[in-house]
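I have placed the structure first, in the form of structure tokens, so that the comments after it can refer back to it.
Proteins get letters first, then strands, A, B, ... in listed order; numbering begins at 1 in each. Values in this document were obtained by computation on a predicted structure and should not be read as measured data.
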There are 2 protein chains.
Amino acid sequence: MDNRARVPMLSGEPCDMSTWDAGNCPVRDVMNQIAGKWSTLILQALAEKPYRFGELRRLVPDISQRMLTQTLRDLQRDGYIGREVFPTKPPSVEYRMTELGYSLFEPLSKVLAWAENNHSSVKAARSKFDESELA
Amino acid sequence: MDNRARVPMLSGEPCDMSTWDAGNCPVRDVMNQIAGKWSTLILQALAEKPYRFGELRRLVPDISQRMLTQTLRDLQRDGYIGREVFPTKPPSVEYRMTELGYSLFEPLSKVLAWAENNHSSVKAARSKFDESELA
DNA sequence: AGTGCTAGTCTCTTTTTGAGACCAACAATC
DNA sequence: GATTGTTGGTCTCAAAAAGAGACTAGCACT
């Protein structure tokens, strides 16, 4: 059983981490954003359909307004979602996924699907680990 | 008007966030781990070949020993990587990806590839946003 | 005897996150 | 016509997490 080097690395030079330069590694730069605690949840919601601020807040009950605001602004900054203000009685704000957001969500949803399908394996590994730690 | 949040388009029962139960949403449970700042980087390295602690440290120069230790232990706990101690003169520890780890890395690598291919679009969106913020 | 390597841990400081109060404008209710 | 609720946030303060760097123990080499 040779476990070594089975996964083809990404095209060409993936990310030479040894000669690392701050803004030079796409993986870090992009991932550090979507790797946030709330980002995937919000992207997952907005991939379905546009939502308003309050709706998202109710959708993810345990996010604080502060973090929702910040997560949305960060996702907007990177171009994954758009923000539109409607001048209704109490002004409402709608967030919706952009083309770029959808193109990211396509591969990302595969990871989310993996998470669902393999959740039990992960939980099992976790239990086993914790058990052996206890000793 | 069913306000109850049905989130995603993933196969089967998605993840009803409105009736959220701590350990019940696979997406959150799994993602919160691999979404760490360093997790993807380490997984990416170990997908290539096994590495020792010090090698990983040199590979990712700006990670602290503390965070490397913790990240490795968390990834090991969830079953993505294995840890083997060799009783050499100064004892060495080798980390290598497990089957579960490889199965996760397959979809995950698609996201990493996306990051490489679309990094310029993200940077462009970011510049545009910052510019309009400045006003 | 001194230096360096190994894989960590321990402590301290800085950054990030979370909880919750507060805001102004308007709508419907009492 | 004063009270309450709803909108999408911001502000402050406490708690949690992350980063920096010193310290460890055993052995090898010089």
Are there over 12 heavy-atom neighbours, none belonging to A/Glu99, within less than 6.0 Å of that residue's CD? no

By nearest-nucleotide position on DNA chain D, the 5'-leaning member of A/Gly54 and B/Pro91 is A/Gly54

*Is any side-chain heavy atom of B/Glu48 less than 4.5 Å from a side-chain heavy atom of B/Leu59?*
no

Computed from five pairs at either end and rounded to 10 degrees, the angle between the axes of the helix from C/dA7-D/dT24 to C/dC30-D/dG1 is 30°

Separation of D/dG9 atom C1' from A/Asp74 atom CG, nearest Å, is 15 Å

Rounded to whole Å, CD of B/Glu94 lies from C1' of C/dG8 at a distance of 17 Å

Shortest non-hydrogen pair, A/Tyr102 vs A/Leu46, comes out as OH-O, 4.1 Å

Taking C/dT6, D/dA28, D/dT10 as options, the one with an atom nearest any side-chain atom of A/Thr69 is D/dT10

Using a 3.5 Å cut-off and no angle test, enumerate the donor-acceptor pairs between side-chain atoms of residues 67-74 of chain B and protein atoms at least two apart in sequence or in another chain.
| residue | atom | partner | partner atom | Å |
| --- | --- | --- | --- | --- |
| B/Thr69 | OG1 | B/Gln65 | O | 2.9 |
| B/Thr71 | OG1 | B/Met67 | O | 2.7 |

Contact string for nucleotides 15-25 of chain D, one letter per nucleotide 5' to 3', B = base within protein heavy-atom range under 4.0 Å, S = sugar-phosphate only, - = neither, reads ---BBB-B---

Under a 4.5 Å cut-off applied to non-hydrogen side-chain atoms, are A/Tyr51 and A/Met97 in contact?
no

B/Leu68 CG to C/dT6 P, in whole Å, measures 13 Å

Using a 4.0 Å heavy-atom cut-off, does A/Tyr95 contact any base of the nucleic acid, only the sugar-phosphate backbone, or nothing at all? sugar-phosphate

message: Treating A/Ser39 as the side-chain partner and A/Gln33 as the backbone partner, does any N or O pair qualify as donor plus acceptor under 3.5 Å?
response: yes

Do B/Tyr95 and B/Val85 share a hydrophobic cluster (ILVMFWY, side-chain heavy atoms under 4.5 Å, transitive)?
yes

Just so I know, are the side chains of A/Val30 and B/Trp114 near enough to count as touching, which here means a heavy-atom distance under 4.5 Å? yes

When rounded to whole Å, the CD to C1' distance for the pair B/Glu55 and C/dT6 reads 12 Å

Whole-Å distance, B/Leu72 CG to C/dG8 C1', equals 11 Å

If you group Ile, Leu, Val, Met, Phe, Trp and Tyr by side-chain heavy-atom gaps below 4.5 Å, do A/Ile81 and B/Phe129 land in one group? no

Rounded to whole Å, the CZ-C1' distance (B/Arg73 to C/dG8) equals 10 Å

Winner on side-chain proximity to A/Phe53, out of D/dG9, D/dG26, D/dT6, is D/dG9

